[in-house]
Structures are given as structure tokens and as C-alpha cells.
Amino acid sequence: MNALKVILPDGTEKEYPAHYSALDVAKEIGARLANAVVAAEVNGVIVDAFRPLAEVSDNPERINLKLLTDKDPLALGVMRHSAAHVMARAIMRLYPGVGLAFGPTTGHGFYYDFDLDQKISEDDFPRIEQEMANIVKEDEPFERFYLERDEAVKFTEGLKQELKTEHIRTGLKEHGKLSFYRQGEFVDLCRGPHVPAAGKIKAFKILSVAGTHWKGDQTAKPLQRVYGTAWFSQKDQDQYLEQIEEAKRRDHRVIGKKLGLFQINPDVGQGLCLWLPKGATIRATLEEFIKQELVARGYLPVYSPHIGRVELYETSGHFPYYRDSQFAPIFGHDAGRIIDYCINRLSGDEAGGLEAHEEEALLEAAKIMGFDATGYKPTLSKDEKIAVLRKWEKSQERYLLKPMNCPHHVQMYKAEPRSYRDLPVRLAEFGTVYRHEQTGELNGMLRVRGLTQDDAHLFCTPEQVEAEFADTLGLVKFVLQSVGLDDYRVQLSIRDPKSDKYVGSEENWNKAEGSLRKVLTESGLSFESCEGEAAFYGPKADFMVKDAIGREWQLGTVQLDYNLPERFQLEYTGSDNKQHRPVMIHRAPFGSMERFVGMLIEHFAGAFPLWLAPEQLRICTVTDKAIEYGQELAQIFRRNGFRVSVDNRSTKINAKIRDAQLELIPYMLVVGMKEAEDRTVAIRDRVESKDIGTVSIEEALAKFKEEVANKTIRQLTKSKFAQVAETAVTADNEY
RNA sequence: GCUGGCGUAGCUCAAUGGCAGAGCAACGGUUUUGUAAACCGUAGGUUGUGGGUUCAACUCCCUCCGCCAGCUCCA
């Protein structure tokens with residue numbers, strides 16, 4: 001009896017027997033299709049193609065079925081999850097007794113975490129891959145089965161999979177029945193779905209191994225995470241691997257060193273970027289560009305110092321909230337450090353009394369600082385001592401290397417009474433901030449400890465919020481477009497309602513998130529909400545930008561803030577002659593200059609467009625006799641605003657050209673006696689890597705000026721990587 | 001910060017317990033050159049740091065510093 005009504009994507013309805021799976025349906029349509037089916041989408045949910053349709057749908061009378069083949073990106077994710085199982089199975093064969101943790105898919109592959117004392121190294125990859133190949137060749141089917149909780153616990157205990165047992169007990173409390181997948185001798189607690197059989201995995205490779213911890217908890221058991229990738233064809237995989245190589249070639253740390261753009265020198269300090277002249281030129285050009293745009297949009301330039309009183313950041317909330325990732329406070333006088341030290345001695349984790357010499361030093365310090373030392377007696381109780389020292393601590397100067405610019409700008413706003421007529425006030429500064437990032441996070445220019453934000457703070461009335469926010473979005477769009485970054489999406493980062501890490505009232509948060517959502521919707525930008533990603537003081541819109549090879553970077557950000565104005569008691573006089581509270585918008589279109597330029601280096605692979613290139617033109621003299629003309633030319637081009645150098649070495653022209661090509665200089669001006677006599681230049685184009693003709697000086701100037709004015713991007717190897725869609729991460733930490 | 005890997009000349013890399021080397025760059029000279037590398041020569045090192053094992057350490061062990069990958073974090 002036909003009990004299933006199936007509706008296919010083209011709208012056709014068919015009836016099938018009650019026990020049919022998606023695979024059975026496919027077989028009935030055609031053997032070739034059945035062979036190509038990897039998974040199925042039933043009523044929008046991806047499921048195993050081999051599971052009975054009745055089991056995966058609520059209503060057997062109405063089953064919307066889409067058969068997913070190897071052409072479908074969603075199927076790719078399913079297959080990669082199966083590949084994770086195959087790898088785990090191979091590793092179990094090679095390392096009997098290995099403990100299994102989680103094995104989800106990632107954007108371009110998968111990983112599996114193992115509990116194994118023996119270290120897996122790169123040298124082991126070939127034999128793991130070989131074993132995986134055997135499993136794929138065996139082509140055994142994946143089977144799904146259920147166990148009740150109690151049985152599941154017994155079952156994983158029987159398998160000696162402690163982590164799985166623990167996960168069922170603690171992580172999956174709300175699940176009554178638990179699904180498992182069996183593939184030959186390998187059984188794993190898993191949510192699925194999976195491919196029908198291992199043979200669907202056409203290409204795979206183990207990429208790396210790295211340490212991690214059970215459920216990401218540093219205090220928990222250390223695990224080994226093995227990363228791999230898998231594809232439906234060898235060709236796709238080769239292309240992907242080639243793109244990984246391409247990304248390595250673009251590494252800004254390598255290119256930055258080769259081209260002399262920047263330096264991170266251990267003698268200066270970890271995570272502290274030295275901008276060498278060429279890198280500084282790129283940055284200065286970008287800053288100049290954005291400053292012009294800010295004038296046009298009514299921003300006012302300000303400058304603020306690199307340090308500020310700790311109290312300033314206590315008021316803003318940054319100091320207590322980010323204490324661990326800030327450089328320690330700077331004391332106005334060295335003696336202040338002793339007071340701080342003694343407070344820690346008395347109240348710290350290893351609290352104890354003060355030694356006699358410490359008390360002596362303390363009283364000496366108090367004298368230097370001008371405190372009333374009679375208030376402190378060695379006979380006081382510990383708590384009384386702490387109370388006195390806290391008072392001293394507060395009355396001395398303590399500074400913080402500024403971790404944010406906003407409190408400084410807030411003070412500038414506060415410096416004079418504001419009327420509603422003055423608003424919005426837009427204060428802009430390329431402000432350098434310092435954050436003591438964990439050593440493991442530091443990464444070239446992309447993650448540093450001293451960074452310069454292209455920062456600004458807008459103070460406006462609640463009525464102006466949406467218009468101002470819309471304008472900042474427009475600004476970010478404009479600057480991204482100007483450097484040729486036209487592929488981006490916006491992430492609306494909102495609070496996690498379950499968390500208590502945020503400051504401010506429920507009402508303000510709702511208002512802020514509502515405004516952001518409204519303006520983003522009206523802007524026509526595609527955006528998605530991301531819970532728990534907000535800053536502690538307010539929600540934000542982050543720009544996620546795709547580079548030339550399809551990698552996504554979080555760059556610009558716009559943040560809405562009702563809380564700092566509250567904390568700093570900001571006011572303006574309204575038309576009703578009453579005091580009102582302004583709203584703040586924080587925004588940084590580039591994010592930080594370090595990160596942005598680092599990204600640009602990788603985006604352009606070091607070959608900057610003419611307007612940004614640190615050295616735009618190089619004059620290459622053919623013989624010594626042309627040096628004088630070459631130098632005259634250089635002066636002319638410099639006077640016209642170009643960055644030019646002259647290569648007058650006594651090498652052959654071929655060598656000069658080769659060097660200039662390798663240094664990625666956009667144009668070479670080759671001049672010999674012919675050019676000197678005619679007062680012309682032979683232009684060689686780096687992109688084309690050839691002579692593009694001899695023109696007069698005026699013509700050359702006009703050509704280059706036009707290219708600079710248009711910010712033309714002449715060459716951007718948009719790789720096919722950009723078209724390789726990332727697959728959704730199919731499994732999270734649930735199973 | 002955690003786990004693992006790594007650290008040799010300015011750069012890229014050799015030397016698996018037995019005399020620290022090459023290419024490029026630099027410097028000196030010759031060459032005066034027409035669109036991706038002219039030729040000859042010179043110099044360059046306490047092998048990241050401090051300690052240990054050994055007749056002998058770039059090599060093996062420990063400490064610290066730094067780098068890389070991943071984890072965790074990211075105002």
C-alpha cells in the first residue's frame with residue numbers, strides 16, 4: 001500500500017510505499033540518480049538518504065523531498081562529516097584504544113579530536129590516509145540506530161569511550177533517545193547525517209594536527225585535533241590545496257618583510273609594529289584619503305594622549321572589564337608601586353603579612369608621596385591596613401596606556417555645555433591604543449598590542465541616531481569601495497540575553513538593537529544577527545569583508561552606545577531648555593590601520609594599486625649618460641606628487657627591470673640617450689610586464705595622475721577560491 | 001595563557017655527536033649596458049639565551065626569550 005506522498009522540488013507529487021527512503025525514491029527515478037545521491041533534504045532538513053522517509057517527516061501525506069547529489073554544497077558538508085568518521089575509524093585501527101571526542105565539519109573540511117597519549121605527527125599522515133583509502137575502497141554502508149539514554153551509556157561504556165559517555169551524561173541531558181552511526185566495526189555517537197556508504201568520499205587529505213582541550217576548557221583533558229579536507233573530486237581538492245598555497249604566498253608577514261613594509265622586532269617588543277618607510281607611506285596615504293572624506297562628512301579632528309587616569313577607565317567600565325588584557329597601570333611616581341605591591345601582598349591570592357623591611361619601604365614611599373604616614377601602624381589589622389592603603393592608592397596618580405579612545409573623546413564632549421543645536425558632534429582621531437593581548441594571539445600586523453584605530457565618536461540626540469548611523473554605514477561602504485573591496489556582508493552583533501557580562505539597562509539595549517536593525521534593513525545591506533557578539537556596552541554592526549582569494553576578514557565596525565553617556569553623565573540642553581542625555585556612536589571603517597594594511601597586503605599580494613603603492617615609479621637609466629636626465633625626471637614627477645626613485649646602478653637594464661618587477665613597482669620609466677634627447681619616457685608596465693610605449697613627460701604625468709585620481713585597480717588575481725563556497729558547519733558540539 | 005612544532009650569515013636554506021657551508025643581498029674592482037639576473041674578488045657566525053651531559057654539542061637534556069600552527073580570547 002502506498003502511504004507516502006512525496007513532493008519533489010519541481011512540484012511533481014508521487015506516492016511510495018511506507019518503508020521507502022529517499023534512496024529508494026531515487027532508485028525508482030533512475031539508477032544513475034540513485035548512484036549520485038549523497039543525502040536528502042526533507043522539509044528543509046538534511047537527513048540520511050537511507051533513512052525511511054516516514055521516520056524523518058511529521059506528515060507522511062506531505063513530504064517535500066530534495067535529493068542531494070555531489071553537485072550540491074549541502075551534500076559536501078554531509079560527506080565531510082562522514083570523512084571525519086572514516087578518519088576516526090582509520091585512526092582507531094592504527095591506534096587501538098584511542099578515545100573519541102568530537103568530529104565536526106569546518107568551512108572547507110573537517111576535524112576530529114582524539115584522546116591519545118601517543119603523539120600524532122605529520123609523518124603519520126600518509127599511513128592514516130592509506131588506511132582511510134582502504135576504508136573508502138571497502139565502501140561499507142553507514143547505518144543509523146537509536147539507543148535509550150541508559151542503554152547508550154552502557155553501550156559507550158562497553159566501547160570504553162569515556163568522553164562519549166561523559167557527554168551523554170552531561171552534555172545531552174535533554175535527549176531521551178540518542179542516535180549512533182555504525183560503519184563496519186566503527187560505531188560513533190553522532191547526530192548525522194551521513195552519506196550512504198564510504199565510497200562517496202572521492203578525495204581527501206589530512207592537513208594538520210594541533211592540540212586542543214575537551215570542550216575547549218583549558219583545565220580539561222588535552223586532546224589532539226587532526227584536521228582534514230574532503231571533496232567530491234580530485235580536481236576540486238587539488239584546486240583547494242592550490243588555494244591554501246596561494247594564501248601562504250600572500251602571507252603579509254612574508255611579503256611585508258620582502259618589500260620592507262613593516263617589522264615586528266622582538267627587541268622592541270612582542271606585538272609592537274614598526275612601520276618602515278614603505279609601509280608607513282601606504283598607511284599615510286590611506287589616512288590622508290579618509291581624513292578628506294571626514295571633512296566632507298562634518299567630522300572634527302581631535303588628538304588625545306596615549307595615557308589616561310585609571311579612574312577614567314574605571315568610569316567607562318573598560319578597566320574592570322578588560323583588566324586581564326591591559327598593560328598594568330603606570331604610577332605617577334615609582335613609590336606608588338610599593339603601595340600597590342603591599343595591597344596585593346595583604347589581599348592577593350597568596351595573602352600574608354608584610355615583612356618588616358616591606359613596611360619600612362611602605363612608610364618611606366608614603367613620605368615621598370606626601371601621605372599622612374601616621375594613619376598607618378604596623379599594629380593595625382590586615383583589613384584596616386588595606387583600607388588605609390586603598391585610600392593612599394586612590395589619592396595618587398595612576399595611569400593606563402589607553403586601551404580605547406572613547407573616554408578621552410567623551411571628556412572633550414563634556415568640556416563645554418552642549419545645546420541640541422550643536423549636535424551631532426563628531427570627533428575623529430587616528431588614536432593609538434594598547435592592549436596586552438595573549439602571546440598566542442599575536443599575529444603579524446593582524447593582531448598586535450599597539451594599534452591605531454581610525455576612530456571617531458558621534459554624540460547625537462536620540463532622534464538623530466538613525467540618520468547618523470545610516471551615514472556611518474555609508475562611510476564604511478564608501479571607504480571599502482575605494483580600495484576595491486566590494487564583497488562584504490554585515491554582522492549585527494547583539495547581546496546574549498542569558499549572559500550578565502553587559503552593562504546598561506534592558507530598555508537601552510532594546511532601543512539600541514532595534515535602531516541598528518531598522519537602519520541596517522533600510523540600508524539594503526545583507527546582514528545577519530549574531531547573538532552574544534556585542535561589545536559589553538552596546539550592539540554593533542561589523543563588516544565582514546571578502547578578499548581576493550575569498551577569505552573573510554572582520555574590518556570596519558559601527559557601534560551604538562547608550563551606556564557610556566550614562567556612565568559619564570553626558571548632557572545637552574534640549575529645545576525644551578531641559579537637560580537630556582545624548583547617544584554615542586563609535587565607528588572605525590578600517591578597524592585598525594595595522595590590521596587593515598595587513599589585510600590589504602594579502603588582498604593585493606603586495607602589488608598595490610598606483611595610488612597606494614609606496615614607490616609608484618622607478619626611473620631606470622640605460623647608461624650612465626642618462627643619469628642626469630633621469631634625475632631631472634625624478635624631480636619633475638616628485639613635484640607632481642609622485643613617489644619616485646632612480647635606479648642608476650651600473651648594472652644592465654635587464655637587472656634593473658627584474659628588480660623593479662620583483663619589488664612590485666607599478667611602472668618603470670626606462671630612459672636612455674634617445675629619451676634624454678627627445679625628452680620622453682619609455683613606460684614599462686609591471687602588470688603586463690612589457691614596454692607600453694614611449695610618450696612625452698606631459699603625457700606620462702597625465703596618465704599616472706588619472707590612474708591615481710581614479711584609484712584604479714589594474715590587477716587583482718581573483719582566484720577561483722572565491723567561488724568555492726564554504727559549506728555550513730553541520731555538526732556543532734552537541735554530538 | 002594552554003598544547004605541539006621550530007630557532008644556523010641581512011634573506012632563503014645545508015651540515016643527524018667529529019674542521020659551521022651554499023645561493024642571493026652587502027662591500028671593492030672590471031663592465032656602460034635598451035625591457036625579468038654581466039664578470040672577478042672581499043667580507044660576513046660565541047649556531048636565539050643561560051646552564052647541563054660528553055674527550056668532543058648546531059646536533060642530546062633542562063631554563064628562559066622569540067617565532068609558527070591550533071585552542072582560548074578579541075573593547
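Throughout, protein chains are lettered first and strands after them, A, B, ... in sequence-line order, and every chain is numbered starting at 1.
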Are [X] and [Y] ion-paired here, with the side-chain N under 4.0 Å from a carboxylate O?
X	Y	result
A/Arg495	A/Glu531	no
A/Glu437	A/Arg449	no
A/Glu663	A/Lys258	no
A/Lys257	A/Asp251	no

Residues forming a side chain to side chain contact (heavy atoms under 4.5 Å, CB included) with A/Ala613, sequence neighbours excluded |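 Listed in chain order: A/Phe608, A/Gln616, A/Pro666.
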How about A/Phe110 and A/Tyr227: are their ring centres within less than 6.0 Å of each other?
->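 No - the distance between ring centres of A/Phe110 and A/Tyr227 does not fall below the 6.0 Å cut-off.
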Under 6.0 Å between the ring centres of A/Phe102 and A/Trp214?
->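 Yes - the distance between ring centres of A/Phe102 and A/Trp214 falls below the 6.0 Å cut-off.
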Do any pairs count as a salt bridge (Lys or Arg N to Asp or Glu O under 4.0 Å) and have a residue in residues 101-113 of chain A, sequence neighbours left out, and if so which ones?
->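 Checked against salt bridge (Lys or Arg N to Asp or Glu O under 4.0 Å) - neighbours excluded - the pairs reaching residues 101-113 of chain A are A/Asp113-A/Arg225.
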Residue pairs passing the salt bridge (Lys or Arg N to Asp or Glu O under 4.0 Å) test where at least one lies in residues 665-684 of chain A, sequence neighbours excluded |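 Pairs touching residues 665-684 of chain A that pass the test: A/Glu632-A/Arg679.
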Any residue of [range] with a heavy atom less than 4.0 Å from an atom of RNA chain B:
range	value
residues 398-407 of chain A	A/Pro403, A/Met404
residues 443-458 of chain A	A/Asn443, A/Arg447
residues 685-696 of chain A	A/Ser689, A/Asp691
residues 666-676 of chain A	A/Val670, A/Gly672, A/Met673, A/Lys674, A/Glu675

Students often get this wrong, so: under 4.0 angstrom with heavy atoms, is [X] touching a base, only sugar-phosphate, or nothing?
X	result
A/Tyr537	sugar-phosphate
A/Ala660	nothing
A/Phe536	nothing
A/Gln224	nothing
A/Gln559	sugar-phosphate
A/Arg225	sugar-phosphate
A/Ser325	base
A/Ser208	nothing
A/Ile653	sugar-phosphate
A/Asn654	sugar-phosphate
A/Lys540	sugar-phosphate

Counting N and O atoms only, with roles assigned by atom type, does the side chain of A/Lys690 sit under 3.5 Å from a partner on the main chain of A/Asp685, one being a donor and the other an acceptor?
->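 Such a contact is absent between A/Lys690 side chain and A/Asp685 backbone.
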Hydrogens and angles aside, do [X] and [Y] bring a side-chain donor and acceptor to less than 3.5 Å of each other?
X	Y	value
A/Gln326	A/His436	no
A/Lys540	A/His586	no
A/Thr452	A/Thr432	yes

Distance-only donor-acceptor pairs under 3.5 Å for side chains of residues 399-410 of chain A, two or more places apart:
unit_1	atom_1	unit_2	atom_2	d
A/Tyr399	OH	A/Glu397	OE2	2.6
A/Lys402	NZ	A/Ser304	OG	2.8
A/Lys402	NZ	A/Pro305	O	3.3
A/Lys402	NZ	A/Asn405	OD1	2.9
A/Asn405	ND2	A/Gln453	OE1	3.1
A/Asn405	ND2	A/Asp455	OD2	2.9
A/His408	ND1	A/Tyr313	OH	3.2
A/His408	NE2	A/Ile307	O	3.3
A/His409	ND1	A/His457	ND1	2.8
A/His409	NE2	A/Glu429	OE1	2.7

Under 4.5 Å between any side-chain heavy atoms of [X] and [Y], yes or no?
X	Y	result
A/Val670	A/Ile653	yes
A/Leu272	A/Leu274	no
A/Val226	A/Tyr111	no

Sort by first number and list every stem of RNA chain B: at least 3 consecutive Watson-Crick or G-U wobble pairs, both distances under 3.5 Å.
->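 Paired runs of 3+ in RNA chain B: B:1-7 with B:65-71, B:10-13 with B:21-24, B:26-30 with B:38-42, B:50-52 with B:60-62.
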Using chain A heavy atoms and a threshold of under 4.0 Å, write down where along RNA chain B the contacts begin and end, 5' to 3'.
->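 Taking any atom under 4.0 Å from a heavy atom of chain A, the span is B/rG1 to B/rA75.
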Pick the P atom in B/rG29 and in B/rG45, then give their distance to the nearest Å.
->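 Those two atoms are separated by 23 Å.
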Hey, could you give me each pair passing side-chain hydrogen bond (donor to acceptor under 3.5 Å, both in side chains) that has a residue in residues 621-631 of chain A? Not counting sequence neighbours.
->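 Sorted pair list: A/Thr621-A/Lys656.
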With sequence neighbours left out, what residues match A/Glu533 under side chain to side chain donor-acceptor pair (under 3.5 Å)?
->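 Not a single residue meets the side chain to side chain donor-acceptor pair (under 3.5 Å) criterion with A/Glu533.
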